[in-house]
Number of protein chains: 2
Amino acid sequence: MSTKKSKKLDLILEEAAKLFRQKGFAGTSMRDLAERIGIDAASMYHYISSKDELLRTICFNISNTYISQLAEIEQTEATYAEKLKALVRLHIRIMIAKSAEVSVTNNDWKYLAEDSLSRFKEQRKKYERGVAALLEKGVAAGEFQAVNTSVALFTILSAVRWVELWWRPGREISTEELENSIITILFKGLEK
Amino acid sequence: MSTKKSKKLDLILEEAAKLFRQKGFAGTSMRDLAERIGIDAASMYHYISSKDELLRTICFNISNTYISQLAEIEQTEATYAEKLKALVRLHIRIMIAKSAEVSVTNNDWKYLAEDSLSRFKEQRKKYERGVAALLEKGVAAGEFQAVNTSVALFTILSAVRWVELWWRPGREISTEELENSIITILFKGLEK
DNA sequence: GTCTATAGGCGGATAGAC
DNA sequence: GTCTATCCGCCTATAGAC
């Protein structure tokens with residue numbers, strides 16, 4: 001019974017992410033969502049306490065995934081270039097595995113309520129600082145060109161962000177080719 | 001008098017873009033906007049016909065700017081690498097000149113009404129095809145590495161997109177340094 | 001657990017006075 | 001041109017029956 005409840009909650013979260021991506025958090029009503037689930041809007045409040053809770057759960061699930069994966073990479077023995085490349089590959093994989101959730105987190109985090117919003121921003125800042133540190137150490141170690149750290153940071157993070165806008169299951173391009181192409185452009189450059 | 005009306009309309013559009021960026025199109029009410037302008041919500045309907053019109057105007061202004069600038073670049077005599085770099089610089093400049101408008105266009109285009117939405121998507125597709133053609137010709141001419149065209153296309157477009165999320169007037173980094181850093185990463189690569 | 005009914009609020013937009 | 005007043009619809013969320 002508690003299992004059943006979890007299953008349904010998972011379904012609600014999954015459909016919520018899909019709808020939020022499609023129509024935006026503010027553009028999605030609980031009635032829309034309920035219709036997808038096949039119950040009445042009022043019945044959903046048996047599983048959740050508010051619409052905000054849905055967004056909060058989605059955003060922090062993704063945010064926490066990023067943070068714990070960065071922590072894992074930091075602990076490995078590898079060059080900074082290897083660590084950064086591993087991070088890029090992980091970003092792409094998370095996006096493919098949870099494309100709707102990532103999309104919502106990227107675009108609708110601003111609709112988080114006061115408390116969660118500031119917590120979310122803090123986490124994101126912390127994550128960005130972690131990646132920036134990898135870049136700076138890489139430059140110090142002579143592995144990277146001496147470009148502006150912030151610019152490099154956001155160029156990398158953005159270069160993986162678009163995958164969410166573009167990738168759909170069954171695309172003719174494989175995950176591996178996708179990862180390799182992005183890494184080639186970012187680390188070796190487009191120009192011959 | 002028609003000048004006065006234009007001036008106020010421009011002000012409304014400008015404040016609308018700022019608010020939409022901050023709180024999202026759906027999260028912004030006409031009452032919010034009116035307060036910024038210093039008049040009552042009802043009075044704004046003297047200048048505009050609907051909230052939708054504001055979004056439509058913002059999105060198509062930006063979209064048209066991109067398209068006409070691509071057309072100009074296509075006509076120049078230059079290598080494909082030079083054309084692409086010029087395009088990247090223009091993207092960055094538009095973003096700095098009209099950061100709120102670009103932000104809204106990037107994030108809230110999905111709230112466009114039926115008709116405008118499909119027109120907008122068509123324009124975007126057309127633009128993307130134009131940039132993709134530059135890439136493909138560049139590969140054919142031996143200027144670029146033979147990476148997947150779509151991946152290269154979206155990596156470039158995304159790499160300039162983040163500027164909108166990050167750049168603020170008075171940042172310690174100059175426009176030139178910003179442009180040069182992004183172009184270095186994209187075309188020469190991060191790795192030494 | 002799911003429903004019907006509905007409270008209560010906010011939103012876009014209009015009517016019409018001044 | 002700007003206001004006040006207001007319509008009307010949609011929204012989130014709750015109450016309470018079954």
Side-chain angles (χ1 to χ4, degrees), chain A residues 1-59 104 108-117, chain B residues 1-59 104 108-117:
Chain A
M1 38 213 90
S2 109
T3 340
K4 249 187 187 168
K5 181 166 168 178
S6 280
K7 280 277 159 60
K8 198 114 185 192
L9 176 58
D10 287 348
L11 178 64
I12 290 173
L13 281 167
E14 205 181 306
E15 290 300 319
K18 284 185 202 165
L19 272 177
F20 293 167
R21 164 163 67 176
Q22 227 176 78
K23 323 210 287 175
F25 175 73
T28 303
S29 74
M30 296 300 271
R31 290 175 178 88
D32 291 339
L33 179 55
E35 200 180 7
R36 290 285 182 97
I37 306 294
I39 57 178
D40 195 273
S43 309
M44 279 195 304
Y45 288 89
H46 181 69
Y47 301 97
I48 59 159
S49 72
S50 70
K51 187 186 177 188
D52 279 5
E53 190 193 88
L54 290 173
L55 182 62
R56 208 183 319 130
T57 306
I58 292 169
C59 289
V104 171
D108 287 350
W109 58 267
K110 71 176 80 151
Y111 293 109
L112 285 167
E114 201 63 39
D115 271 17
S116 346
L117 181 61
Chain B
M1 41 213 86
S2 109
T3 340
K4 248 187 186 167
K5 179 164 169 180
S6 279
K7 280 277 159 63
K8 197 112 182 196
L9 175 59
D10 287 348
L11 178 64
I12 291 174
L13 282 167
E14 205 180 307
E15 290 300 319
K18 285 185 202 165
L19 271 178
F20 293 167
R21 165 164 66 178
Q22 227 175 77
K23 323 209 286 175
F25 175 74
T28 302
S29 74
M30 296 300 273
R31 289 171 177 87
D32 290 340
L33 178 55
E35 200 180 7
R36 290 284 182 98
I37 306 294
I39 58 176
D40 195 272
S43 309
M44 280 195 304
Y45 288 89
H46 181 69
Y47 301 96
I48 59 159
S49 71
S50 69
K51 187 186 178 190
D52 280 4
E53 190 192 87
L54 290 172
L55 183 62
R56 207 182 322 130
T57 305
I58 292 169
C59 289
V104 171
D108 286 350
W109 59 268
K110 71 176 82 148
Y111 294 109
L112 286 168
E114 201 63 40
D115 271 16
S116 347
L117 182 60

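Chain letters run A, B, ... following the sequence lines, proteins first and then strands; every chain starts at 1. Note that the structure is a prediction, hence the values are computed from the model and not measured.
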**Message:** It should be established whether Lys8(B) places a side-chain nitrogen or oxygen under 4.0 Å from OP1 or OP2 of nucleotide dT2(D).
**Reply:** yes
**Request:** Select one nucleotide: of dT4(C), dA15(C), dA13(D), the one nearest the side-chain heavy atoms of Asp40(A).
**Result:** dT4(C)
**Asked** What is the distance from CD1 of Ile39(A) to P of dC3(C), rounded to the nearest Å?
**Response** 6 Å
**Prompt:** Yes or no on side chain to side chain contact (heavy atoms under 4.5 Å, CB included) for Tyr111(B) and Leu117(B), after CA distance, side-chain angles and deciding distance?
**Reply:** CA-CA 8 Å; Tyr111(B) 294 109; Leu117(B) 182 60; over 6 Å; no
**Request:** Return the value, rounded to whole Å, for the distance between atom CG of Leu11(A) and atom P of dG1(C).
**Result:** 15 Å
**Request:** Measure from NZ or CZ of Lys51(A) to the centre of the six-membered ring of Phe25(A) and say whether it is under 6.0 Å with the direction within 45° of the ring axis.
**Result:** yes
**Complete:** Taking dT14(C), dT2(D), dA15(D) as options, the one with an atom nearest any side-chain atom of Tyr47(B) is dT2(D)
**Request:** Could you walk me through whether Thr28(A) and Arg36(A) pass the side chain to side chain contact (heavy atoms under 4.5 Å, CB included) test, one step at a time?
**Result:** CA-CA 12 Å; Thr28(A) 303; Arg36(A) 290 285 182 97; over 6 Å; no
**Asked** Among residues 25-38 of chain A, which residues get a heavy atom nearer than 4.0 Å to DNA chain C?
**Response** none
**Salt-bridge contact Glu15(B)-Lys18(B) (side-chain N to carboxylate O under 4.0 Å)** = yes
**Message:** Using the side-chain heavy atoms of His46(A), tell me which of these nucleotides is nearest: dT14(C), dG1(C), dA13(D).
**Reply:** dG1(C)
**Least distance between heavy atoms, Asp52(B) atom then Ala113(B) atom** = OD2-CB, 3.8 Å
**Prompt:** Choosing from dT4(C), dT2(D), dT4(D), which nucleotide comes nearest the side chain of Ser43(B)?
**Reply:** dT2(D)
**Message:** Just the rounded figure in Å: distance from P of dT14(D) to CD1 of Ile48(A).
**Reply:** 10 Å
**Nucleotide of dA13(D), dA5(D), dA13(C) approaching Lys51(B) most closely (side-chain heavy atoms)** = dA13(C)
**Prompt:** Quick one: does Leu54(A)'s side chain get under 4.5 Å of Leu33(A)'s, heavy atoms only?
**Reply:** yes
**Item:** Nearest-nucleotide pick for Ala42(B), side chain only, options being dA13(C), dC3(D), dT14(D)
**Value:** dC3(D)
**Prompt:** Quick one: Glu53(B) CD to dG12(C) P, roughly how many Å, whole number?
**Reply:** 15 Å
**Message:** What is the distance, to the nearest angstrom, from the OH atom on Tyr45(A) to the P atom on dG16(D)?
**Reply:** 18 Å
**Asked** Side chains of Met30(A) and Ile48(A): does their closest heavy-atom pair fall under 4.5 Å?
**Response** yes
**Asked** Expressed in angstrom and rounded to an integer, what is the separation of Leu19(A) atom CG from dT12(D) atom C1'?
**Response** 16 Å
